[in-house]
Amino acid sequence: MSTRHFLTLLDLEAEELGYLIQRAIELKTMLRQGRRHEPLRNQTLGMIFEKSSTRTRVSFEVAMTQFGGASVFLSPRDTQLGRGEPVEDSARVLSRMVDGVMIRTFSHETLETFAKHSSVPVINALTDEFHPCQLLADIQTFTEHRGSIRGRKVTWVGDGNNVCHSWINAARQFDFELVVCAPEGFDPRADLLERERGRVQVERDPERAVKDASLVVTDVWASMGQEDEQARRASAFRDYQVSPALMDQAADDALFMHCLPAHRGEEISEDMLEDPRSVVWDEAENRLHAQKALLEFLMGS
Ligand code: CP
Ligand code: NVA
């Protein structure tokens, strides 16, 4: 069988994604019980980071350690990647040595080019366009707290960014309704909205958008690479802050998620992360379990 990659949520079948969520929950229990499970012994994951990271880096490194393997951290600052060695060449060389590659970069095309020339599985650890690993952890978290997300209403409040794009893909793969509530000019990609017409809607008014939602999700107003737009965005998004008062307009059992890092006083109120409806710390922890399920699926024998 040809090498499987995970560049977006659409690279796996819905059934395979469902399996990963259940497997992530199982692997979490096994870890809690102290049961050793080392399906990737002697395997190595190459980790290319062209943008900063806390959760993604640590969760992938710890995942490989717990699985009996190892990881190599590669930054453009001290590899030939930063000195212009073609992505195609780097992919061919690295995939002759490591068993899988995880990439966090700017352009999604760079990731696709790398994957095209890689003989080992490539995982998207965030591009300007998508962040599929985050969604594995998010769906796992919702499932643990509330059961299946199928048929639920999820509301995204904020920028139509990479994480939002992955929520749109998730709506398709996990079969739920998504409302995107962004100020005009900050909608997600039109082709994605068009493709999921009927399942994904845009609503400008936050109170109307969160009505009956089982889950409210947000993210920073300016993503990595958009630092220069911070001031303009802060003013455009002023009315799009998620707070306990906004959560009161959602369903009674609504949960709140944020991929983190969060900016208190901007996309969330000062007290939002400590609200009982917030499950952000479980969500962050689940990056580990969900990615272990993914690594085992792609790299395990
Ligand atoms: N949520 C997320 O991907 O966090 P990091 O940028 O810290 O990896
Ligand atoms: N949208 C954010 C997510 C960070 C995990 C960014 O791309 O910076």
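One-based numbering, in listed order, for ligands and for the atoms of each.
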Which atoms of ligand 2 are found less than 4.0 Å from any heavy atom of L126? 3 (C), 4 (C), 5 (C), 7 (O)

For L260, take its heavy atoms, then give the atoms of ligand 2 lying under 4.0 Å from any of them. 5 (C)

Between Q291 and S59, does any side-chain donor sit less than 3.5 Å from a side-chain acceptor? yes

Honestly, for N162 the part within reach of ligand 2 (heavy atoms, under 4.0 Å) is side chain

Can you confirm, on distance only, whether ligand 2 has an N/O atom lying under 3.5 Å from any N/O atom belonging to M224? yes

Under 3.5 Å, N or O to N or O, is S223 touching ligand 2 that way? yes

Who passes side-chain hydrogen bond (donor to acceptor under 3.5 Å, both in side chains) against D11, sequence neighbours left out? none

Polar atom proximity, K51 to ligand 2 (N or O, under 3.5 Å): no

More than 12 heavy atoms of other groups within 6.0 Å of D252 CG: no

Please report which non-hydrogen protein atom sits nearest to atom 3 (C) of ligand 2, along with the residue it belongs to and the distance in Å to one decimal place. D219 OD2, 3.6 Å

So that I can tick it off, tell me whether D205 and K211 are bridged by a salt bridge, with the cut-off set at under 4.0 angstrom between side-chain N and carboxylate O. no

Salt bridge flag under 4.0 Å for residues E266 and R233: no

Donor-acceptor side-chain pairing of T56 and R287 below 3.5 angstrom: yes

Ion pair E227/K51, N-O distance below 4.0 Å: no

Strictly by modelled atom types, are Q134 and D138 linked by a side-chain donor-acceptor pair under 3.5 Å? yes

Can you name the residues that come within less than 4.0 Å of ligand 1, going by heavy atoms only? S53, T54, R55, T56, R104, H131, Q134, C259, L260, R287

Do N161 and Q226 get their side chains close enough for a donor-acceptor pair, meaning under 3.5 Å? no

